[in-house]
There are 2 protein chains.
Amino acid sequence: MSLPHAILTALLEKPSSGLELTRRFDKSIGYFWSATHQQIYRELGRLEQAGHIRALPSGQPGRGQRKEYEVLPAGRTELASWVAGREDPRPVRDPLLLRMRAAAVVGSPGLGDELRRHLELHRRQLAEYTGIEERDFSDPDLAEQDRMRHLVLRAGIDLETFWTTWLARALSELGEE
Amino acid sequence: MSLPHAILTALLEKPSSGLELTRRFDKSIGYFWSATHQQIYRELGRLEQAGHIRALPSGQPGRGQRKEYEVLPAGRTELASWVAGREDPRPVRDPLLLRMRAAAVVGSPGLGDELRRHLELHRRQLAEYTGIEERDFSDPDLAEQDRMRHLVLRAGIDLETFWTTWLARALSELGEE
DNA sequence: TCACACATGTAATTTGTTACATGATTTA
DNA sequence: TAAATCATGTAACAAATTACATGTGTGA
């Protein structure tokens, strides 16, 4: 039940059309909750029907016509009660770790290349995050809201740091560095 | 496409019945690829139909009767080619980070309690992993297979370490420690 | 006017979750 | 013999993924 709440959060930060949301889910929000445009359009329809958001009035609605949404009070209430609730951490589900475990059983030609490829991808993501941190959060005096956003970004940075460190170690221990 | 490969890996490590697999997915394999018994039974059916596994011959088969599976050569081949392939890291999807971002918008009464609860859960998981490490991987001379399994466990330890560190930091920065 | 980017959607399939149903075996 | 546990399964639904379809506006 996270996608609708991700969309409500994004729309509260800034009313948007479906395509704009899709772009924002390719960065920012998408850094911790990814979604494709198909998911987003479907969910926008559901949220509108539930009375949690509404389309801003515009000239002529229809296919191919931009449609911008804003959050209604009911949507804000729903989001607040979701935030206040409980939800256990999800168990990890990582295909690369699974593949390494499988490689221990059936052998692993070429696994080193794959680990190097992932290492490079994670290094890039890390560089992007630290760039954002310098740009947006270098001021030490932040409002509570921005301290929270900074913490979320920090989680992204720390996670990418974990991956780069772990992958480098894996390559070294497998004699593949 | 990871679940069938997780099951093939588990069955290669040790032929098992559906319920045994379910238990093993509650630990070990499940530490990086979780699955419920419904998913497992469905997937066992598919794998059997695809000729990747077979049920070991037994007395009288049927509902309520234990049914043990082993991997066929075709299954091993399939697993090996999946391991040798490419697969990009998945984008992160974490509800807690999303909730924190939402809390920055709609407020966050009680978020501190939830963070403390998660911190405690991650500490326990971390303790379980380090216990396994001491029990199973304290010998410095490991075969390649065991070095790989150790690396996978190490990823679990490092991930839980990340969470405990990040959560403690979050509590402290939000003045909730 | 034609290609391209913008923009919104549908359809089909797979994967994951939740709830329930059924039979066999053990043991109090 | 009744309850608990072991064991396998079905059904219904929700979420995510992949591929495709359709219309609008703009500038070369």
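In what follows, chains are A, B, ... by sequence order, proteins preceding strands, each numbered from 1. As a basis for the values below, the full set of heavy atoms in this structure was taken, side chains included, without hydrogen atoms, waters or symmetry mates.
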To the nearest Å, give me how far apart CH2 (B:W33) and P (C:dG16) are.
-> 6 Å
Take atom CD1 of A:I40 and atom C1' of D:dA15, then tell me their distance rounded to the nearest Å.
-> 14 Å
Under 4.0 Å: is that the gap between some side-chain N or O of A:Q38 and OP1 or OP2 of D:dT17?
-> no
Using heavy atoms to find the nearest nucleotide of DNA chain D for A:L3 and B:S17 separately, return the residue whose nucleotide is more 5′.
-> B:S17
According to a strict under-4.0 Å criterion, is A:R93 in side-chain N/O contact with OP1 or OP2 of C:dT15?
-> no
Does C:dT14 have OP1 or OP2 sitting under 4.0 Å from an N or O in the side chain of B:R42?
-> no
Which nucleotide in the list C:dT17, C:dA7, D:dG9 gets nearest to the side chain of B:T36?
-> C:dT17
Closest nucleotide of DNA chain D for B:G18 versus for B:R90: which of these residues is on the 5' side?
-> B:G18
Is there a side-chain polar atom (N or O) of A:Y41 under 4.0 Å from OP1 or OP2 of C:dG9?
-> no
Just how far, in rounded Å, is P of C:dA7 from OH of A:Y69?
-> 14 Å
Starting from P on C:dT17, measure out to CZ on B:F25 and report it in whole angstrom.
-> 13 Å
Look at B:R46 and C:dT15 and indicate whether a side-chain polar atom (N or O) is within less than 4.0 Å of OP1 or OP2.
-> yes
Find the distance B:E48:CD to D:dT8:P and express it as a whole number of Å.
-> 12 Å
In whole angstrom, give the distance that lies between atom NE2 of A:H37 and atom P of C:dC6.
-> 14 Å
Quick one: is D:dT17 close enough that its OP1 or OP2 comes under 4.0 Å of any side-chain N or O from A:Q39?
-> yes
Among all residues two or more places apart in sequence or in another chain, which pass the ring-ring contact (aromatic ring centres under 6.0 Å, His included) test with A:H118?
-> none
Begin from the C-alpha positions of A:R116 and A:D113 and carry the test salt bridge (Lys or Arg N to Asp or Glu O under 4.0 Å) through to its verdict.
-> CA-CA 5 Å; A:R116 269 184 290 275; A:D113 287 343; 3.0 Å; yes
Taking only residues at least two apart or on different chains, which pairs with a member in residues 17-39 of chain A satisfy ring-ring contact (aromatic ring centres under 6.0 Å, His included)?
-> A:Y31-A:Y129, A:H37-A:Y41
Residue A:R66, side-chain heavy atoms: nucleotide from C:dA7, C:dG9, D:dA16 that is nearest = C:dA7
Rounded distance (Å) that lies between atom P of C:dG9 and atom CG of A:L47 = 14 Å
Provide, to the nearest angstrom, the distance between the CD atom belonging to B:Q65 and the P atom belonging to C:dT26.
-> 10 Å
Go through the steps to decide whether B:S2 and A:R93 satisfy the test side chain to side chain donor-acceptor pair (under 3.5 Å), and finish with yes or no.
-> CA-CA 9 Å; B:S2 292; A:R93 258 193 193 151; over 6 Å; no
Would B:R149 and B:E13 pass as an ion pair if we require N to O under 4.0 Å?
-> yes
